[in-house]
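Every heavy atom of this structure was used, including side-chain atoms; hydrogens, water molecules and symmetry mates were not.
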Amino acid sequence: PTDPLVFLNTKTRQVETQRADGTGKKSLTEDGGQYYNPLLSPDQTMFIIQEGSNMFLMRLKTKEKQDIGTGIASCWSPNSKNLYFFLNLV
């Protein structure tokens, strides 16, 4: 199998995934959120998505969405165990 891509569909404003060869396309979000900046983890099991000023962790297989605070995600550690981000504490 080819590696998955996670991207924002600019027509539907939904976060989608598909394989690099264009197959296996599916929507990961189904609401009318204002999503942007999807950031896939190196182990390809989860991603961070921005919705407004909030960051959410989403798992690719289950679509489970967890609020992790207000801020901007920057990058994942190589082992996918840590996320580096700027957090707004105000």
Side-chain angles (χ1 to χ4, degrees):
T2 59
D3 294 338
L5 303 173
V6 175
F7 59 94
L8 179 67
N9 182 323
T10 56
K11 290 183 182 177
T12 64
R13 301 295 299 162
Q14 299 302 308
V15 179
E16 298 179 355
T17 185
Q18 72 182 33
R19 293 183 195 95
D21 65 6
T23 62
K25 185 175 180 178
K26 65 180 177 180
S27 180
L28 298 172
T29 55
E30 297 171 4
D31 56 2
Q34 296 287 324
Y35 299 109
Y36 62 96
N37 197 28
L39 184 60
L40 185 64
S41 63
D43 68 4
Q44 302 173 346
T45 62
M46 57 193 153
F47 65 98
I48 297 297
I49 190 71
Q50 303 288 144
E51 183 179 13
S53 61
N54 295 326
M55 294 182 296
F56 292 91
L57 173 73
M58 289 189 75
R59 302 198 182 281
L60 282 173
K61 289 189 179 190
T62 64
K63 299 183 186 180
E64 175 188 350
K65 184 174 162 183
Q66 177 184 352
D67 188 343
I68 58 172
T70 302
I72 300 172
S74 178
C75 66
W76 289 94
S77 64
N79 65 3
S80 300
K81 294 190 183 287
N82 297 294
L83 175 69
Y84 303 99
F85 56 90
F86 299 96
L87 186 62
N88 184 359
L89 298 175
V90 178

Taking side chain as C-beta onward, heavy atoms only, is [X] less than 4.5 Å from [Y]?
{"X": "Leu83", "Y": "Leu57", "result": "no"}
{"X": "Pro42", "Y": "Ser80", "result": "yes"}
{"X": "Lys65", "Y": "Glu51", "result": "yes"}

Of all the heavy-atom pairs spanning [X] and [Y], show the shortest one and how long it is.
{"X": "Leu39", "Y": "Ala73", "value": "CD2-CB, 4.0 Å"}
{"X": "Pro4", "Y": "Gln44", "value": "CD-OE1, 3.2 Å"}
{"X": "Met58", "Y": "Lys63", "value": "CE-O, 3.6 Å"}

First locate atom [atom1] of [X], then atom [atom2] of [Y], and finally report the distance between them rounded to the nearest 0.5 Å.
{"X": "Phe7", "Y": "Leu40", "atom1": "CZ", "atom2": "CG", "answer": "12.0 Å"}
{"X": "Thr12", "Y": "Gln14", "atom1": "OG1", "atom2": "CD", "answer": "5.0 Å"}
{"X": "Ile72", "Y": "Phe86", "atom1": "CD1", "atom2": "CZ", "answer": "7.5 Å"}
{"X": "Leu28", "Y": "Lys61", "atom1": "CG", "atom2": "NZ", "answer": "13.0 Å"}
{"X": "Gln66", "Y": "Arg59", "atom1": "CD", "atom2": "CZ", "answer": "7.0 Å"}

Under 3.5 Å, is there a donor-acceptor pair between the side chain of [X] and the main chain of [Y]?
{"X": "Thr29", "Y": "Val15", "result": "yes"}
{"X": "Ser41", "Y": "Phe47", "result": "no"}
{"X": "Gln34", "Y": "Gln50", "result": "no"}
{"X": "Tyr36", "Y": "Gly52", "result": "yes"}

Check your understanding: Does the side chain to side chain contact (heavy atoms under 4.5 Å, CB included) test come out yes or no for Ile48 and Trp76, once each step is laid out?
Key -> CA-CA 9 Å; Ile48 297 297; Trp76 289 94; 3.5 Å; yes
**Study point:** side chain to side chain contact (heavy atoms under 4.5 Å, CB included) against Ser53, all qualifying residues, sequence neighbours excluded
**Key:**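 Scan of Ser53 (side chain to side chain contact (heavy atoms under 4.5 Å, CB included), adjacent residues dropped) gives Thr70.
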Practice item. Could you list the residues that satisfy side chain to side chain contact (heavy atoms under 4.5 Å, CB included) with Thr10, not counting sequence neighbours? Key: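 Not a single residue meets the side chain to side chain contact (heavy atoms under 4.5 Å, CB included) criterion with Thr10.
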Review point. Please walk me through it: do Val6 and Leu60 pass side chain to side chain contact (heavy atoms under 4.5 Å, CB included)?
Key: CA-CA 9 Å; Val6 175; Leu60 282 173; 3.9 Å; yes
Exercise for review: Give the intermediate values and the outcome of side chain to side chain contact (heavy atoms under 4.5 Å, CB included) for residues Lys25 and Asn9.
Suggested key: CA-CA 11 Å; Lys25 185 175 180 178; Asn9 182 323; 4.3 Å; yes
Review point. Do the side chains of Ile49 and Leu5 join up, straight or via other hydrophobic residues, at under 4.5 Å, putting them in one cluster?
Key: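 Per the 4.5 Å side-chain linkage, Ile49 and Leu5 are not co-clustered.
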